[in-house]
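By convention here, the first residue in the shown sequence is residue 1.
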Amino acid sequence: QPLGVGQAVALGPDQSHYLFSVMRLGLNAEVALFNGRDGEWRGVIEQALKRCGIARCTDQTRPQIVPPDLWLLFAPIKKARTDFIVEKAVEMGAARILPVQTRFTNERIREDKLRAHAVEAAEQCEATYVPPVEDLIPLDKLLATWNPTRRILWADEGLQGRAALLQAAPGPWAILIGPEGGFSPEERTKLRALPCVNPISLGPRILRADTAAVAALTLWQTTLGDWV
(Lines give C-alpha, C1' and ligand atoms only; values in the text may rest on other atoms or scores of the structure.)
Protein backbone atom coordinates (compact mmCIF):
# COMPACT_ATOMS: atom_id res chain seq x y z
CA GLN A 1 0.00 0.00 0.00
CA PRO A 2 1.24 3.55 -0.69
CA LEU A 3 2.50 5.64 2.21
CA GLY A 4 2.13 9.42 2.49
CA VAL A 5 0.77 12.20 4.64
CA GLY A 6 -2.80 11.35 5.65
CA GLN A 7 -2.74 7.97 3.89
CA ALA A 8 -4.87 5.27 5.56
CA VAL A 9 -3.20 1.84 5.68
CA ALA A 10 -5.37 -1.24 6.10
CA LEU A 11 -3.96 -3.84 8.48
CA GLY A 12 -4.52 -7.50 7.65
CA PRO A 13 -5.34 -10.35 10.05
CA ASP A 14 -1.70 -11.27 10.82
CA GLN A 15 -0.64 -7.66 11.38
CA SER A 16 -3.71 -6.96 13.52
CA HIS A 17 -3.14 -10.05 15.64
CA TYR A 18 0.48 -9.10 16.24
CA LEU A 19 -0.20 -5.44 17.03
CA PHE A 20 -3.37 -5.74 19.05
CA SER A 21 -3.18 -9.19 20.68
CA VAL A 22 0.56 -9.82 21.02
CA MET A 23 1.88 -6.26 21.47
CA ARG A 24 -1.32 -5.08 23.22
CA LEU A 25 -1.49 -1.84 21.25
CA GLY A 26 -4.73 0.06 20.90
CA LEU A 27 -6.26 3.24 19.54
CA ASN A 28 -3.87 6.19 19.06
CA ALA A 29 -0.79 3.99 19.46
CA GLU A 30 2.09 4.85 17.13
CA VAL A 31 3.67 2.29 14.81
CA ALA A 32 6.38 2.44 12.13
CA LEU A 33 5.19 1.64 8.61
CA PHE A 34 7.22 0.77 5.50
CA ASN A 35 6.46 -0.77 2.12
CA GLY A 36 9.87 -1.01 0.43
CA ARG A 37 9.29 2.07 -1.72
CA ASP A 38 8.30 5.12 0.31
CA GLY A 39 10.67 4.98 3.29
CA GLU A 40 9.50 4.72 6.90
CA TRP A 41 6.43 6.56 8.17
CA ARG A 42 4.88 7.16 11.55
CA GLY A 43 1.39 5.71 11.71
CA VAL A 44 -1.33 6.23 14.32
CA ILE A 45 -3.82 3.43 14.98
CA GLU A 46 -7.37 4.56 14.16
CA GLN A 47 -9.07 1.17 14.24
CA ALA A 48 -8.01 -1.84 16.32
CA LEU A 49 -10.12 -4.95 15.83
CA LYS A 50 -9.26 -8.60 16.27
CA ARG A 51 -8.67 -9.35 12.59
CA CYS A 52 -8.36 -5.95 10.98
CA GLY A 53 -7.32 -2.41 11.69
CA ILE A 54 -6.35 0.95 10.21
CA ALA A 55 -3.22 3.04 10.71
CA ARG A 56 -2.98 6.56 9.29
CA CYS A 57 0.35 8.03 8.17
CA THR A 58 1.35 11.30 9.83
CA ASP A 59 4.95 12.03 8.79
CA GLN A 60 7.99 10.35 7.27
CA THR A 61 10.56 9.30 9.85
CA ARG A 62 13.24 7.91 7.50
CA PRO A 63 13.88 8.02 3.74
CA GLN A 64 13.88 4.90 1.60
CA ILE A 65 17.19 3.01 1.89
CA VAL A 66 17.93 0.67 -1.01
CA PRO A 67 20.61 -2.02 -0.49
CA PRO A 68 23.49 -2.48 -2.94
CA ASP A 69 22.90 -4.58 -6.06
CA LEU A 70 23.88 -7.88 -4.45
CA TRP A 71 22.01 -11.17 -4.83
CA LEU A 72 22.40 -14.23 -2.63
CA LEU A 73 22.22 -17.63 -4.34
CA PHE A 74 22.12 -20.54 -1.91
CA ALA A 75 21.22 -24.21 -1.87
CA PRO A 76 18.56 -24.94 0.78
CA ILE A 77 19.71 -26.89 3.82
CA LYS A 78 17.85 -27.98 6.96
CA LYS A 79 14.85 -25.76 7.73
CA ALA A 80 16.16 -23.83 10.72
CA ARG A 81 19.44 -23.10 8.96
CA THR A 82 17.71 -22.06 5.75
CA ASP A 83 15.58 -19.68 7.80
CA PHE A 84 18.79 -18.36 9.35
CA ILE A 85 20.35 -17.72 5.92
CA VAL A 86 17.33 -15.72 4.75
CA GLU A 87 17.16 -13.75 7.99
CA LYS A 88 20.87 -12.83 7.89
CA ALA A 89 20.76 -12.00 4.18
CA VAL A 90 18.07 -9.41 4.91
CA GLU A 91 19.95 -7.99 7.89
CA MET A 92 23.21 -7.78 5.95
CA GLY A 93 21.74 -6.01 2.93
CA ALA A 94 21.10 -8.51 0.13
CA ALA A 95 18.83 -7.09 -2.56
CA ARG A 96 17.48 -10.43 -3.83
CA ILE A 97 17.48 -13.98 -2.47
CA LEU A 98 17.46 -16.95 -4.86
CA PRO A 99 17.28 -20.54 -3.57
CA VAL A 100 18.95 -22.90 -6.08
CA GLN A 101 18.60 -26.64 -6.61
CA THR A 102 22.00 -28.32 -6.92
CA ARG A 103 23.02 -31.93 -7.47
CA PHE A 104 23.36 -32.55 -3.72
CA THR A 105 20.44 -30.41 -2.51
CA ASN A 106 18.19 -32.69 -0.46
CA GLU A 107 15.98 -30.23 1.39
CA ARG A 108 12.61 -28.86 0.34
CA ILE A 109 11.49 -25.32 1.12
CA ARG A 110 8.31 -23.31 1.34
CA GLU A 111 8.96 -20.02 -0.39
CA ASP A 112 5.97 -18.36 1.30
CA LYS A 113 7.46 -19.13 4.72
CA LEU A 114 10.84 -17.78 3.67
CA ARG A 115 9.21 -14.57 2.41
CA ALA A 116 7.50 -14.16 5.77
CA HIS A 117 10.89 -14.61 7.49
CA ALA A 118 12.31 -11.91 5.23
CA VAL A 119 9.60 -9.46 6.29
CA GLU A 120 10.14 -10.27 9.97
CA ALA A 121 13.90 -9.79 9.59
CA ALA A 122 13.39 -6.40 7.96
CA GLU A 123 11.11 -5.35 10.82
CA GLN A 124 13.62 -6.51 13.42
CA CYS A 125 16.59 -4.67 11.91
CA GLU A 126 14.53 -1.58 10.99
CA ALA A 127 15.20 -1.92 7.27
CA THR A 128 12.94 -0.13 4.80
CA TYR A 129 13.44 -2.74 2.07
CA VAL A 130 12.47 -6.43 1.96
CA PRO A 131 14.45 -8.42 -0.63
CA PRO A 132 12.28 -10.70 -2.75
CA VAL A 133 12.73 -14.42 -2.11
CA GLU A 134 12.38 -16.16 -5.46
CA ASP A 135 11.05 -19.64 -6.21
CA LEU A 136 13.55 -22.49 -6.12
CA ILE A 137 15.34 -22.83 -9.48
CA PRO A 138 17.81 -25.48 -10.72
CA LEU A 139 21.35 -24.11 -10.74
CA ASP A 140 21.95 -25.30 -14.34
CA LYS A 141 18.85 -23.46 -15.54
CA LEU A 142 19.84 -20.28 -13.72
CA LEU A 143 23.38 -20.32 -15.12
CA ALA A 144 22.11 -20.99 -18.66
CA THR A 145 20.33 -17.61 -18.71
CA TRP A 146 22.75 -15.71 -16.47
CA ASN A 147 23.64 -12.13 -17.45
CA PRO A 148 27.48 -12.16 -17.52
CA THR A 149 27.62 -8.51 -16.45
CA ARG A 150 26.62 -9.67 -12.97
CA ARG A 151 29.68 -11.28 -11.42
CA ILE A 152 29.33 -14.30 -9.12
CA LEU A 153 31.37 -14.59 -5.94
CA TRP A 154 31.57 -18.36 -5.49
CA ALA A 155 32.47 -19.60 -2.02
CA ASP A 156 34.46 -22.61 -3.22
CA GLU A 157 35.01 -25.16 -0.45
CA GLY A 158 37.83 -26.64 -2.52
CA LEU A 159 39.95 -23.53 -1.99
CA GLN A 160 40.82 -23.93 1.68
CA GLY A 161 43.51 -21.53 2.77
CA ARG A 162 43.78 -17.92 3.80
CA ALA A 163 40.53 -16.02 3.37
CA ALA A 164 40.63 -14.04 0.15
CA LEU A 165 40.76 -10.29 0.06
CA LEU A 166 38.19 -9.33 -2.53
CA GLN A 167 39.76 -7.05 -5.13
CA ALA A 168 37.21 -6.36 -7.83
CA ALA A 169 35.26 -3.56 -9.41
CA PRO A 170 31.92 -2.37 -8.04
CA GLY A 171 28.80 -3.30 -9.94
CA PRO A 172 26.09 -5.95 -9.89
CA TRP A 173 27.20 -9.06 -8.00
CA ALA A 174 25.83 -12.33 -6.67
CA ILE A 175 27.16 -14.61 -3.93
CA LEU A 176 26.85 -18.37 -4.47
CA ILE A 177 26.78 -20.77 -1.51
CA GLY A 178 26.56 -24.52 -2.04
CA PRO A 179 24.69 -27.29 -0.19
CA GLU A 180 25.92 -29.26 2.81
CA GLY A 181 27.43 -31.88 0.49
CA GLY A 182 29.20 -29.30 -1.65
CA PHE A 183 28.96 -28.95 -5.41
CA SER A 184 29.22 -31.96 -7.72
CA PRO A 185 32.30 -32.30 -9.98
CA GLU A 186 30.15 -31.40 -12.98
CA GLU A 187 28.84 -28.26 -11.29
CA ARG A 188 32.34 -27.22 -10.27
CA THR A 189 33.58 -27.65 -13.83
CA LYS A 190 30.72 -25.57 -15.20
CA LEU A 191 31.23 -22.79 -12.64
CA ARG A 192 34.97 -22.60 -13.29
CA ALA A 193 34.32 -22.28 -17.04
CA LEU A 194 32.22 -19.13 -16.63
CA PRO A 195 34.24 -15.90 -16.98
CA CYS A 196 31.88 -14.04 -14.62
CA VAL A 197 32.55 -16.46 -11.71
CA ASN A 198 35.12 -15.49 -9.07
CA PRO A 199 36.00 -18.51 -6.85
CA ILE A 200 37.26 -17.49 -3.41
CA SER A 201 38.39 -19.13 -0.18
CA LEU A 202 36.64 -18.37 3.10
CA GLY A 203 39.54 -19.52 5.22
CA PRO A 204 41.43 -22.66 6.24
CA ARG A 205 38.37 -24.51 7.56
CA ILE A 206 35.33 -25.76 5.66
CA LEU A 207 32.37 -23.70 6.87
CA ARG A 208 28.79 -24.84 7.23
CA ALA A 209 26.59 -23.41 4.49
CA ASP A 210 24.83 -20.96 6.82
CA THR A 211 28.15 -19.76 8.25
CA ALA A 212 29.61 -19.45 4.73
CA ALA A 213 26.69 -17.24 3.66
CA VAL A 214 27.32 -14.81 6.52
CA ALA A 215 31.09 -14.84 5.92
CA ALA A 216 30.76 -14.16 2.18
CA LEU A 217 28.18 -11.41 2.70
CA THR A 218 30.49 -9.77 5.24
CA LEU A 219 33.48 -10.00 2.88
CA TRP A 220 31.56 -8.41 0.02
CA GLN A 221 29.88 -5.70 2.09
CA THR A 222 33.13 -4.58 3.73
CA THR A 223 34.87 -4.40 0.35
CA LEU A 224 32.31 -3.36 -2.27
CA GLY A 225 29.05 -2.76 -0.40
CA ASP A 226 27.46 -0.10 1.76
CA TRP A 227 29.56 -0.91 4.83
CA VAL A 228 32.60 0.77 3.27
Please name the pair of heavy atoms, one in [X] and one in [Y], separated by the smallest distance, quoted to 0.1 Å.
X	Y	value
Pro67	Ala94	CG-O, 4.1 Å
Ala48	Leu27	N-CD2, 4.0 Å
Ala122	Val130	CB-CG2, 3.7 Å
Ala8	Ile54	CB-CG2, 4.2 Å
Ile97	Ala89	CD1-CB, 3.9 Å
Leu33	Cys57	CD1-SG, 4.0 Å

Worksheet item: side chain to side chain contact (heavy atoms under 4.5 Å, CB included) between Leu191 and Leu143: does it pass, once the steps are laid out?
Response: CA-CA 9 Å; Leu191 285 167; Leu143 294 178; 3.8 Å; yes
[X] side chain near [Y] side chain, heavy-atom distance below 4.5 Å:
X	Y	answer
Phe20	Leu11	yes
Thr218	Met92	yes
Trp71	Leu98	yes
Val119	Glu123	yes
Leu176	Phe74	no
Ile200	Leu159	no
Arg62	Glu126	yes
Leu114	Thr82	yes

Worksheet item: Taking NZ, NE, NH1 and NH2 as the nitrogens, is one of them in Arg188 or Glu157 under 4.0 Å from a carboxylate oxygen of the other?
Response: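 Judged by the 4.0 Å cut-off on N to carboxylate O distance, Arg188 and Glu157 do form a salt bridge.
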Worksheet item: Looking at Arg192 and Asp156, does any basic side-chain N land under 4.0 Å from a carboxylate oxygen?
Response: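 Salt bridge between Arg192 and Asp156, a charged N being under 4.0 Å from a carboxylate O: yes.
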Practice prompt. Kindly compute the distance separating CZ (Arg115) from CG (Asp112), expressed to the nearest 0.5 Å.
Written response: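 So the gap between those two atoms works out to 7.0 Å.
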Practice prompt. To the nearest 0.5 Å, tell me how far Gln101 CD sits from Asn106 CG.
Written response: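 It comes to 8.5 Å.
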Under the 3.5 angstrom rule, does the side chain of [X] hit a backbone N or O of [Y] as a donor-acceptor pair?
X	Y	result
Thr105	Ala75	no
Glu180	Lys78	no
Arg56	Gly6	yes
Glu187	Arg103	yes
Thr128	Phe34	no
Gln64	Gly39	yes
Tyr129	Ala95	yes
Asn35	Asp38	yes
Gln1	Ala10	yes
Thr58	Arg42	yes

Are [Y] and [X] co-members of a hydrophobic cluster defined by side-chain heavy atoms under 4.5 Å apart?
X	Y	value
Ile177	Val133	yes
Trp220	Trp146	no
Leu19	Trp41	yes

Fill in: Qualifying residue, where the test is side chain to side chain contact (heavy atoms under 4.5 Å, CB included) with Leu217 and the options are Ile85, Thr222, Ile175
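Only one of Ile85, Thr222, Ile175 forms a side chain to side chain contact (heavy atoms under 4.5 Å, CB included) with Leu217, namely Ile175.
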Fill in: Audit row: Leu70, Leu72, side chain to side chain contact (heavy atoms under 4.5 Å, CB included) steps and yes/no
CA-CA 7 Å; Leu70 175 65; Leu72 176 64; over 6 Å; no
Item to complete: Apply the test side chain to side chain contact (heavy atoms under 4.5 Å, CB included) to residues Glu107 and Lys79: give CA-CA distance (whole Å), side-chain angles for both, the deciding distance (0.1 Å), then the verdict.
Response: CA-CA 8 Å; Glu107 302 295 328; Lys79 180 185 181 303; over 6 Å; no
Practice prompt. I would like to know whether Leu136 and Glu111 meet side chain to side chain contact (heavy atoms under 4.5 Å, CB included); could you show each step before the answer?
Written response: CA-CA 8 Å; Leu136 183 70; Glu111 288 86 349; 3.6 Å; yes
Discussion item. Could you tell me if Arg150 sits above the aromatic ring of Trp173, with its cationic atom closer than 6.0 Å to the ring centre and no more than 45 degrees from the axis?
Written reply: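 That pair does not qualify as a cation-pi contact.
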Worksheet item: Is Phe104 atom CZ crowded by more than 12 heavy atoms from other residues, nucleotides or ligands, each under 6.0 Å away?
Response: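 Atom CZ in Phe104 is packed in, count exceeds 12.
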Discussion item. If you count heavy atoms of other groups shown closer than 6.0 angstrom to CD of Gln124, is the number above 12?
Written reply: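 Atom CD in Gln124 is not packed in, count stays at 12 or less.
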